[in-house]
Amino acid sequence: MRRNQMIKRSIAAIIKDACEGCKKDGILPVDTEINPIIEIPREKGHGDYSTNIAFLLAPVLKKNPKEVAGMLVQHMDLNAVCDKVDVAGKGFINFYVKDALWQELLQDVYAKGIGALFPGMGKGSKVLIEFVSANPTGPLHIGHGRGAAVGDVLANILSKAGYDVTKEYYINDAGRQIKTLGRSTFLRWQELKGLQVSYEQDLYQGDYIKDLAREIIDKNIEVPSAEEDAIAFMAKFSGEVIMNGIVKDLEDFGVHFDSYYKESGLYERGIIDDTLALLKDKGYAYEKDGALWFQTSSFEKDEDRVLIKSDGEKTYFTSDIAYHLDKFERSYETLVDIWGSDHHGYIPRLKAAIQALGKDKEDLKVILIQFVSLLKDGKPVGMSTRAGAFTTLREVLDEVGRDAARFFFLMRKSDAHLEFDLDLAKKTSNENPVYYVQYAHARIMSIFRNAGEEGIGIDQLPKADLHLLTQEDEISLIKGIIHFHDVIEGCARSFEPHRITFYLLDLVGDFHSYYNKTRVLGDDRELTLARLLLLHMLREVIRTGLNILGVSAPERM
RNA sequence: GCGCCCAUAGCUCAACUGGAUAGAGUGUUGGACUACGAAUCCAAAGGUUGCAGGUUCGAAUCCUGCUGGGCGCGCCA
């Protein structure tokens, strides 16, 4: 959106020129360097942009900010961009951009297509976003669902912002938990065959393990006779079945990964050994008590961590370092990891490892996902993974549907607790925010259907003249549409996908108000056409926004 | 004991990263369909931003100390 930035730039120019003018008049010291903030005010009555420059200059001039602001405004030469500027509050300078400029901006976006609103900040730089990565030892629960939604939507945002994004799922198929899984299935299997077994506490407790055992019996799958081999077989079998289930759940949730990356592959391709060699080589690994340690402490405020245990086994940390090294080797410039917030203590050691490998720790962005608590009938639903009583993503999906589930997961900042109200998400009524947004889309489509019956099609929109839109709410809808650009940019910069949700709710609220007040299809053909173009662009933004969220944009509801 | 995160309207949450009179939704109360979809809109009421200090023109936001909640601190993953 070059012209959007153009507006901000020319306001900066107005300010700068005013400063120069003041310097020439001897009011301002010639050597004054100032970097004022130009922002969009929260309050609508405060103009389109405002600056705090007067507050910054006040101490220099030993005058109060309001005086300084007044003086600056007197030196301002309003160019073609603004038609009004004033001093407000304790010394803010507010700029009012000409309506015509916004109108022309939108006309321009219409001509170029909605893509004109996508920021090109990414410049094709390669980003790897790794998320979910749940161990294939049980079905995805609701917390994984939240991570999946956040990761998927963030990926959508980043690609809209011009990044080259790859979505990856890391499968921990080499660790001890896979052996535990095999043992769990094995014992359940023995149980089903009528043997007395003692099922230990630290094995997987969920009923899905019994289902796996039953599947082996029902399908007459041959099991190796030696216990050791049987357990290994069960591990492989269970892991694969569960992983297939996870992939299916994700697909039904609308999340598709570009790649599934196996931990075992790190061993097979020698990447683990290479990584260890590299760390030793650089002198960041040392032996103590029969184990190999990594020197976390020389990079971060954290304790040294074990890479190879005294029994010769590598730790999870080791493969994780290797994995991240490999991400860089695959020429990704930015690595985004999405973790459950209970792993936050893990960040320093991984950042330390990345530095040890000679990479910039800032290239790794870790996004933490806080826990989700479920609310049903107004009461919290208990969740304990150990007892196997957790709510699965599948259950939520079956209960509330994909659209509501995804939307609800993105209604909160990811590092804040999310209270998921199942009853609310299930409601097909006005209380449900998903419908509020979707309804706006359906309403606009309905208007276009009616317009079509009156012989006005979208093929006539190029003739529309947005200058005819003079109502205040129409201008502010135009600004809202244009603002989509800044919202995507903000999301991409801060890695906060939830902002899209809030933006849509806000935008759509303005639309509903407008709709109730103003009739779109009227006798004035020219005005009708202008309003239809406005709604057409609005619809494009809503549709694109919902698309980013992975939520459908229905034409009828 | 040490470290990280959170605390905002009755409830669930925002606040563009230090800006102006802290905003939405929901709930409560009252109103709007003989024209484009009432799954909508309009209005009222609701606050010492957990507490106490500090930094400055200006703090929900930053610094310190409390209080209350979550999570970490393994040769687990």
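The chains referred to below are lettered A, B, ... by the order of the sequence lines, with proteins before strands, and numbering in each begins at 1. These values consider heavy atoms only, across backbone and side chains, with no hydrogens, waters or symmetry-generated copies.
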Review point. Taking side chain as C-beta onward, heavy atoms only, is A/L154 less than 4.5 Å from A/V336?
Key: yes

Point to revise | B/U49: pairing nucleotide in any strand, Watson-Crick or G-U under 3.5 angstrom | key: none

Review point. Under 3.5 Å, is there a donor-acceptor pair between the side chain of A/S298 and the main chain of A/Q295?
Key: yes

Check your understanding: Expressed in angstrom and rounded to an integer, what is the separation of A/L56 atom CG from B/G19 atom C1'?
Key -> 11 Å

Exercise for review: Just name whichever nucleotide pairs with B/C71, Watson-Crick or G-U, keeping both distances under 3.5 Å, else none.
Suggested key: B/G3

Review point. Just checking A/P348: base, sugar-phosphate only, or nothing, at a heavy-atom cut-off of under 4.0 Å?
Key: nothing

Check your understanding: Are the aromatic rings of A/Y286 and A/F294 close, with centres under 6.0 Å apart?
Key -> no

Review point. Taking the six-membered ring for Trp, are A/F118 and A/F484 parallel (under 30°), tilted (30 to 60°) or perpendicular (over 60°)?
Key: perpendicular

Review point. If the P atom of B/G25 is compared with that of B/C41, how far apart are they to the nearest Å?
Key: 8 Å

**Study point:** Nucleotide paired to B/U61 in any strand shown, Watson-Crick or G-U, under 3.5 Å
**Key:** none

Review point. Under 4.0 angstrom, heavy atoms only, what part of the nucleic acid is A/A88 near: base, sugar-phosphate, or nothing?
Key: base

Check your understanding: NA contact type, A/F502, heavy-atom cut-off 4.0 Å: base, sugar-phosphate, or nothing?
Key -> sugar-phosphate

Check your understanding: What interatomic distance, in whole Å, is found between P of B/C76 and the corresponding atom of B/C66?
Key -> 35 Å

Exercise for review: Provide the distance between the two C1' atoms, one in B/G37 and one in B/A14, to the nearest whole Å.
Suggested key: 29 Å

Review point. Does A/H512 or A/T518 map to a spot on RNA chain B nearer the 5' end, using the closest nucleotide for each?
Key: A/T518

Revision key, fill the gap. Taking a pair to mean Watson-Crick or G-U wobble geometry with both distances below 3.5 Å, B/C76 pairs with none

Study note, to complete from the structure: Across every strand shown, the nucleotide meeting Watson-Crick or G-U wobble geometry with B/C11 (both distances under 3.5 Å) is B/G25

Practice item. Taking syn as within 90° of 0 and anti otherwise, name the glycosidic form of B/U17. Key: syn

Point to revise | Separation of the C1' atoms in B/U34 and B/A39, to the nearest angstrom | key: 23 Å

Practice item. Using the P atom on both, measure B/G27 against B/U21 and round to a whole Å. Key: 31 Å

Practice item. Indicate, with a heavy-atom threshold strictly under 4.0 Å, whether A/T137 touches base, sugar-phosphate, or nothing. Key: nothing

Practice item. Kindly point out which of B/C41, B/A20, B/U12 is positioned nearest to the side chain of A/E419? Key: B/U12

Check your understanding: When the distance from CZ of A/R42 to P of B/A59 is rounded to whole Å, what number comes out?
Key -> 13 Å

Review point. Name the one of A/K84, A/K8, A/K479 that satisfies salt bridge (charged side-chain N to carboxylate O under 4.0 Å, His left out) with A/D48?
Key: A/K479

Practice item. Spell out protein contact along nucleotides 71-77 of chain B as letters: B when the base is contacted, S when just the sugar-phosphate is, - when no protein heavy atom is under 4.0 Å; keep the 5' to 3' order. Key: BS-SBSB

Review point. Can you check whether A/Y436 has a side-chain N or O nearer than 4.0 Å to OP1 or OP2 of B/C41?
Key: yes

Review point. Are any side-chain N or O atoms of A/Q205 and backbone N or O atoms of A/Q201, one a donor and one an acceptor, separated by less than 3.5 Å?
Key: yes

Review point. How would you label the contact of A/S513 with the nucleic acid (heavy atoms, under 4.0 Å): base, sugar-phosphate, or nothing?
Key: sugar-phosphate

Review point. With sugar-phosphate meaning primed atoms plus P, OP1 and OP2, does A/A451 contact a base, only sugar-phosphate, or nothing at under 4.0 Å between heavy atoms?
Key: nothing

Exercise for review: Report the glycosidic orientation of B/C4: syn if within 90° of 0, anti in every other case.
Suggested key: anti

Practice item. Please check if the side chain of A/T318 supplies one atom and the backbone of A/L307 the other of a donor-acceptor pair under 3.5 Å. Key: yes

Review point. To the nearest Å, how far apart are A/F420 CZ and B/C11 C1'?
Key: 18 Å

Check your understanding: Which part of the nucleic acid, if any, lies within reach of A/K413 when heavy atoms closer than 4.0 Å are counted: base, sugar-phosphate only, or nothing?
Key -> sugar-phosphate

Review point. What is the distance from CD of A/E489 to P of B/U17, rounded to the nearest Å?
Key: 11 Å

Review point. Want to settle it: does A/I40 or A/R556 sit nearer the 5' end of RNA chain B, counting the closest nucleotide to each?
Key: A/I40

Check your understanding: What is the pairing partner of B/U56, taking Watson-Crick or G-U wobble pairs with both distances under 3.5 Å in any strand?
Key -> none

Exercise for review: Give one of base, sugar-phosphate or nothing for A/H46, where a contact means two heavy atoms less than 4.0 Å apart.
Suggested key: base

Study note, to complete from the structure: note: A/H498, atom NE2; B/A24, atom C1'; distance rounded to Å ~ 13 Å

Study note, to complete from the structure: Regarding the side chain of A/Y515, the nearest nucleotide among B/C41, B/C13, B/G37 is B/G37

Review point. When the ring planes of A/H536 and A/F448 are compared, do they come out parallel, tilted or perpendicular, using 30° and 60° as the limits?
Key: perpendicular

Review point. In whole Å, what separates the C1' atom of B/G68 from that of B/U8?
Key: 16 Å

Practice item. Look only at the side chain of A/H485 and the backbone of A/I482, and say whether a donor-acceptor pair between them is shorter than 3.5 Å. Key: no

**Study point:** A/Y514 OH to B/C42 P, straight-line distance once rounded to whole Å
**Key:** 15 Å

**Study point:** Nearest-angstrom distance, C1' atom, B/G58 to B/C62
**Key:** 13 Å

Point to revise | Proximity to the side chain of A/R443 - top-ranked nucleotide from B/C36, B/G19, B/A38 | key: B/A38

Check your understanding: Which is true for A/E496 with a 4.0 Å heavy-atom rule: it touches a base, it touches only sugar-phosphate, or it touches nothing?
Key -> base

Check your understanding: Mind checking the C1' distance from B/U56 to B/G18? Whole angstroms is fine.
Key -> 10 Å

Exercise for review: Starting at atom CG of A/N516, determine the distance to atom P of B/A43, rounded to an integer number of angstrom.
Suggested key: 12 Å

Check your understanding: Is there a stack between A/Y439 and B/G37, judged by ring centres under 5.5 Å and planes under 30°?
Key -> no

Review point. Is there a donor in the side chain of A/Y267 and an acceptor in the side chain of A/D273, or the other way round, less than 3.5 Å apart?
Key: no

Check your understanding: Quick one: A/Y49 OH to B/C16 P, roughly how many Å, whole number?
Key -> 17 Å

Review point. Donor-acceptor pair, A/R349 side chain versus A/T296 backbone, under 3.5 Å?
Key: no

